[in-house]
Amino acid sequence: MPNISLAEAVKLKSVLAKRIHELEEEMDRVAFVEVEKGDKKPKQARSLSKVEEEIDDIRNDFRLLDKLMYRANYENTVGFDGEELTIVEAIELATQLRAKARKFKEFGTAVKEELQFGYGEGVPIVRLAMFDPEKYRLKAVETDRLANRLSNAVNTKNYSIVLDFDSEKYF
């Protein structure tokens, strides 16, 4: 049985999900026909049961692929910032770093001091940043860089991991 890299499996999982969706739509199309009362049912290229069989087969492959991917993501590691992280941890950390960078970018674009209008009884109100926006802009750049470095490490590792899955009927 041919093998597939974890990176290819990620793509294949997306292909299978799309194919399942297409088959569900086909089920809706072949499940019903409209004919005049008394007329014969038209011949269909594929019956509902044939589409069901195909979707069940793909769903079985999808579950197997999912299981193999989860196992690989748990059993394999990438080095990052002086420690070894399982791939699943590394993926989550990259997601968290991107969220952190987004927040830092917001603070990085803030104005240090801004006059507020519509507040108070003729007394000027000033909104003061309790931080240095430039420092947060720089922290955002660095955090984004770390997230990209970690994502690249995961992607590189994904190409080196081989799963025992026959993808020939899909690729």
Side-chain angles (χ1 to χ4, degrees), residues 1-29 50-114 116 127-171:
M1 178 187 295
N3 293 325
I4 185 173
S5 74
L6 182 54
E8 292 168 319
V10 170
K11 293 174 190 158
L12 179 56
K13 191 173 170 184
S14 175
V15 167
L16 294 181
K18 181 180 178 192
R19 184 66 185 136
I20 289 168
H21 179 72
E22 290 169 351
L23 288 169
E24 288 171 341
E25 289 177 345
E26 184 179 355
M27 287 177 76
D28 291 338
R29 286 192 307 276
K50 287 289 180 197
V51 179
E52 264 185 87
E53 288 174 22
E54 186 177 345
I55 201 169
D56 286 344
D57 186 42
I58 293 172
R59 283 180 171 148
N60 284 335
D61 285 345
F62 188 94
R63 286 192 311 274
L64 173 60
L65 188 61
D66 209 31
K67 178 178 76 173
L68 295 172
M69 290 173 65
Y70 275 103
R71 183 180 298 145
N73 283 334
Y74 180 74
E75 293 176 350
N76 292 278
T77 62
V78 292
F80 180 73
D81 223 12
E83 65 178 305
E84 287 294 311
L85 301 171
T86 63
I87 293 174
V88 72
E89 288 175 301
I91 291 168
E92 180 58 32
L93 178 56
T95 301
Q96 291 173 1
L97 286 170
R98 282 195 169 70
K100 189 175 184 179
R102 262 190 316 277
K103 197 60 173 171
F104 287 173
K105 284 176 188 176
E106 287 177 29
F107 289 138
T109 61
V111 177
K112 186 75 176 152
E113 184 177 311
E114 184 176 24
Q116 300 290 294
R127 179 178 185 238
L128 299 175
M130 302 299 288
F131 57 92
D132 181 355
E134 178 60 13
K135 285 184 181 175
Y136 271 89
R137 186 191 68 77
L138 295 173
K139 284 171 73 168
V141 169
E142 177 60 18
T143 305
D144 226 3
R145 188 184 69 73
L146 287 173
N148 291 335
R149 196 174 89 217
L150 182 54
S151 289
N152 287 341
V154 169
N155 288 339
T156 300
K157 185 70 171 193
N158 284 351
Y159 279 101
S160 71
I161 299 168
V162 177
L163 304 178
D164 187 17
F165 184 87
D166 185 4
S167 64
E168 297 243 337
K169 59 183 169 182
Y170 303 110
F171 285 144

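Because only heavy atoms are used, hydrogens play no part in the values below, and waters and symmetry mates are left out as well, while side chains stay in.
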From [atom1] ([X]) to [atom2] ([Y]), nearest 0.5 Å:
X: Leu163; Y: Ser5; atom1: CG; atom2: OG; value: 7.5 Å
X: Asn60; Y: Leu65; atom1: CG; atom2: CG; value: 12.5 Å
X: Ile91; Y: Asn155; atom1: CD1; atom2: CG; value: 9.0 Å
X: Ile58; Y: Leu23; atom1: CD1; atom2: CG; value: 5.0 Å
X: Glu26; Y: Lys50; atom1: CD; atom2: NZ; value: 12.5 Å
X: Lys18; Y: His21; atom1: NZ; atom2: NE2; value: 9.5 Å

Do [X] and [Y] make a side-chain contact, defined as non-hydrogen atoms from C-beta onward lying under 4.5 Å apart?
X: Val141; Y: Arg137; result: yes
X: Val51; Y: Glu54; result: no
X: Arg149; Y: Phe80; result: yes
X: Asp61; Y: Phe165; result: yes
X: Leu6; Y: Met69; result: yes
X: Val78; Y: Thr156; result: no
X: Asp144; Y: Arg102; result: no

[X] and [Y]: which non-hydrogen atoms are nearest, and at how many Å?
X: Ser151; Y: Ala94; result: OG-CB, 3.8 Å
X: Tyr136; Y: Gly108; result: CB-N, 3.9 Å
X: Ala72; Y: Ile161; result: CB-CG2, 4.0 Å
X: Lys11; Y: Tyr159; result: NZ-OH, 3.3 Å

- Item | Worked verdict on Asn73 versus Thr86 for side chain to side chain contact (heavy atoms under 4.5 Å, CB included) | CA-CA 7 Å; Asn73 283 334; Thr86 63; over 6 Å; no
Where the side chain of [X] meets the backbone of [Y], is there a donor-acceptor pair that is under 3.5 Å apart?
X: Ser160; Y: Lys157; answer: yes
X: Lys112; Y: Phe131; answer: yes
X: Ser167; Y: Tyr170; answer: no

Pair Glu142 + Lys139: basic N to acidic O under 4.0 Å
no
When you look at Asn158 and Ile87, which way does the side chain to side chain contact (heavy atoms under 4.5 Å, CB included) test go after all the steps?
CA-CA 9 Å; Asn158 284 351; Ile87 293 174; 3.9 Å; yes
The single option from Leu16, Leu12, Val15, Asp57 that satisfies side-chain contact (heavy atoms from CB on, under 4.5 Å) with Phe62 is Leu16
Glu168 atom CD, over 12 foreign heavy atoms within 6.0 Å
no
- [ ] Answer yes or no: does atom NZ of Lys100 have more than 12 heavy-atom neighbours from other residues, nucleotides or ligands under 6.0 Å?
- [x] no
- Item | Within 45° cone of Tyr70 ring axis and under 6.0 Å: Lys67 NZ or CZ | no
task = Go through the steps for Arg19 and Glu22 under the test salt bridge (charged side-chain N to carboxylate O under 4.0 Å, His left out), then give the verdict.
result = CA-CA 5 Å; Arg19 184 66 185 136; Glu22 290 169 351; 3.3 Å; yes
